[in-house]
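Everything quoted here is computed from the prediction, not taken from an experiment. Residue numbering restarts at 1 for every chain, and letters A, B, ... go by the order of the sequence lines.
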Amino acid sequence: MNSLLLIWTVNALTALTPLPDTTPLEKSKVFAYPVHHAENNAYLADEPFVFYYASSLEKKESLQASDSFAVLIRVIGSDQNEYRLGNLITLNSMPELLMKPLQNGLYRYVLIPKDKFAGILPPDVEIRQMIIRIYSIPYCFQDRCEVDGAWVFNFPCSR
Amino acid sequence: MGSVMILKKPLTMADSKHLKWTLADCTRSRWGLGLFLNICCLALLTFTACTGIGEMQEDPQKEIIQKIKGSWILQSVEMYNPDLGPGNEEDVSEVMVGANPSVLIFDKFDYLIAPGSSRHYLPLVGNWEIKIQGQSGSLSFVSPGNEFVSKFELSEDNRLSQSLRYEISRQPTECMKSYGLGGTIYIYQYTKLPE
């Protein structure tokens, strides 16, 4: 009886102990690198930002057969205005927005936000927030070609 | 016969009298002279080999400085978050290594990164220094207000390699510290340009 009680106590304690979240890829179809454990989701605009999409975890049926994806990136500047890299009309003719296919249905897009928006942002305006959406290519201008979700990343520091 | 007996004895500087005698004695027979010359040659070869090895092991710092001097071309850049441990390096060459080749030049005391489109989190001009202690060393890039020190282990590969690899981490600002940013480590890999 005592040993049963001990086993129950150990099990209960194990269940209550929070385990560190070390597997972003297994849980989410989208993740970014460098991985920051802080909850503020903060990044640096002048450092490489790597964005991954695991299409094998995609639940939307219309996207499961797709093998080409592109990103649309919007940023909010320190002047509170929004700036865009590409748009839906030109998406099919912008190879620089294509994600690079890796193995096992993984797609990767890498950029240095400050460099990518160098000619788009006015001088002295800093990137404060970046919003990324993913589309299957060729884009069909319908919901079935859009990956559900918009991913937001913060850039709180200026250099 | 007498000369053979004496030559079996180890020769020292203190035995110069014996040596003199031996030499004179040896010349009396052709066989004795041949044996004596053979032993002299062997001693000379051993001495030369010993001196050579001594020179190779003498000053690795000098040797590495000589190897580093010259021009190096940037080949790749990887980044990793030290919190995640080894094996999490991410190749970011496609955005860090520019379309124009980026060349790092080590002069006698100064280093210079020739203007190009590659991104270096390192001032483009400054002084450099190598320090060796035991089996480990450090390469420092120093410029006003900045010092980047990259440590490395000294091995035969390091000393003979034609590639240069250093790791740098940016010095975080107060803002970066408050958001837990700036800890990313960048690994720069260069190959030497022929002189």
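- Around CG of Asp124(A), the count of heavy atoms belonging to other residues, nucleotides or ligands within 6.0 Å does not exceed 12.
- Note on Ile64(B) and Tyr111(B): same hydrophobic cluster, where clusters join Ile, Leu, Val, Met, Phe, Trp and Tyr whose side-chain heavy atoms are under 4.5 Å apart, directly or indirectly.
- Pairing each heavy atom of Glu90(B) with each of Val50(A), the nearest pair is OE2-CG1, 3.6 Å.
- The two atoms that bring Cys175(B) and Pro156(A) nearest to each other are SG-O, 3.9 Å, heavy atoms only.
- The CZ atom of Arg119(B) lies 4.0 Å from the CG atom of Asp115(A); values are rounded to the nearest 0.5 Å.
- Between Asn88(B) and Tyr33(A), the closest heavy-atom pair is O-OH, 2.8 Å.
- Within 6.0 Å of atom NZ in Lys69(B), more than 12 heavy atoms from other residues, nucleotides or ligands are found, so the atom counts as buried in its surroundings.
- Looking at every heavy atom in both residues, Met176(B) comes nearest to Cys157(A) through N-SG, 3.5 Å.
- Heavy atoms of other residues, nucleotides or ligands lying less than 6.0 angstrom from CD of Gln142(A) number more than 12.
- At a threshold of 4.5 Å between side-chain heavy atoms, the hydrophobic network of Ile, Leu, Val, Met, Phe, Trp and Tyr places Phe69(A) and Trp151(A) in one connected group.
- Tracing side-chain contacts under 4.5 Å through hydrophobic residues (I, L, V, M, F, W, Y), one never reaches Tyr190(B) starting from Val149(B); they form parts of separate clusters.
- Note that OG1 of Thr173(B) and CG of Leu44(A) are 7.5 Å apart. Values are rounded to the nearest 0.5 Å.
- More than 12 heavy atoms of other residues, nucleotides or ligands lie within 6.0 Å of CZ in Arg133(A), so this atom counts as buried by the packing criterion.
- Interatomic distance, CD of Glu94(B) versus NZ of Lys100(A), reported as 5.5 Å (0.5 Å rounding).
- At least one side-chain heavy atom of Arg170(B) sits less than 4.5 Å from a side-chain heavy atom of Glu47(A).
- Of the two parts of Tyr121(B), only the side chain, counted from C-beta on, holds a non-hydrogen atom closer than 4.5 Å to a non-hydrogen atom of chain A.
- Between Leu181(B) and Ala42(A), the closest heavy-atom pair is CD2-O, 3.1 Å.
- Closest approach of Val95(B) to Leu111(A), counting heavy atoms only: CG1-CA, 4.0 Å.
- Both Phe31(A) and Val92(B) belong to a single network of hydrophobic side chains, linked directly or stepwise wherever heavy atoms of I, L, V, M, F, W or Y lie under 4.5 Å apart.
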